[in-house]
Amino acid sequence: MFADLVYQVLRKVPRGKVTTYSAIARAIGKPKAARAVGNALNKNPYAPQVPCHRVIKNSGEVGGFAHGTKKKIQLLGREGVIVKNGRVGKEFIVKHL
DNA sequence: GTTTTGACACCCG
DNA sequence: TCGGGTGCCAAAA
């Protein structure tokens, strides 16, 4: 399924950087399936191998998180990504995989 | 009930 | 204003 594709694309994201749902959706060939990507990450069938916390909105907002949005920001900060006021530095966001 | 796929509404320019 | 893009959701199987 495309969840596997999402997983592969997501693992391409280097540590300390983040990506967007749209970027992943586009990478799998479904630019309109960004929501599906979110759900795929929500279920996260690939355990900690998939850094779903490394995926944020295209707007720079961390968006939502199944395990807690607050926790997600905490994780990102741990990765080296500076999250300020629920917003991630767009410099950390890689829109092109 | 759970899991997967997807078009639309809301937001920004 | 209108159009385009995004989204961790909702509907279908």
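Order of the sequence lines sets the chain letters (A, B, ...), proteins ahead of strands, with each chain counted from 1. What you are looking at is a predicted structure, and each value in this text was computed from that prediction instead of being measured.
- When the C1' atom of C:dG7 is taken as reference, atom CG of A:Asn58 falls 11 Å away, rounded to whole Å.
- Here the rule is side-chain contact (heavy atoms from CB on, under 4.5 Å) with A:Val55, and of A:Val6, A:Val13, A:Leu10 only A:Leu10 fits it.
- Looking at residues 63-73 of chain A, you'll see that no heavy atom sits under 4.0 Å from any atom of DNA chain B.
- No side-chain heavy atom of A:Lys17 sits less than 4.5 Å from a side-chain heavy atom of A:Arg54.
- At least one side-chain heavy atom of A:His53 sits less than 4.5 Å from a side-chain heavy atom of A:Glu79.
- Rounding to whole angstrom units, CZ of residue A:Arg35 and P of C:dA10 are separated by 8 Å.
- Around NZ of A:Lys71, the count of heavy atoms belonging to other residues, nucleotides or ligands within 6.0 Å does not exceed 12.
- Computed from coordinates, the A:Lys95 NZ to C:dG7 P distance equals 11 Å when rounded to whole Å.
- Side-chain N or O atoms of A:Lys72 include one that pairs as donor or acceptor with a backbone N or O of A:Val62 at under 3.5 Å.
- Using a 4.0 Å cut-off, some side-chain N or O of A:Ser22 falls inside it from OP1 or OP2 of C:dG7.
- Nearest-nucleotide positions on DNA chain B for A:Lys43 and A:Lys32 put A:Lys43 closer to the 5' end.
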Let me check something: any side-chain donor-acceptor pairs from residues 29-41 of chain A under 3.5 Å, sequence neighbours excluded? List them with distances.
none

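- Residues A:Asn39 and A:Ala34 each lie close to DNA chain B; by heavy-atom proximity, the contact nearer the 5' end of the strand is made by A:Asn39.
- Atoms CD (A:Glu61) and P (C:dT6) sit 14 Å apart, rounded to a whole Å.
- Between A:Tyr46 and A:Tyr7, the angle of the ring planes stays under 30°, which puts this pair in the parallel group of the 30/60° scheme.
- Comparing the same atom, P, in C:dG5 and in C:dC9 gives a spacing of 23 Å after rounding to whole Å.
- When DNA chain B is scanned 5' to 3' for any atom under 4.0 Å from a heavy atom of chain A, the first and last hits are B:dT4 to B:dC8.
- A 6.0 Å sphere centred on CD of A:Gln74 holds no more than 12 heavy atoms belonging to other residues, nucleotides or ligands.
- Side chain of A:Arg87 to backbone of A:Ser59: a donor-acceptor contact under 3.5 angstrom is found.
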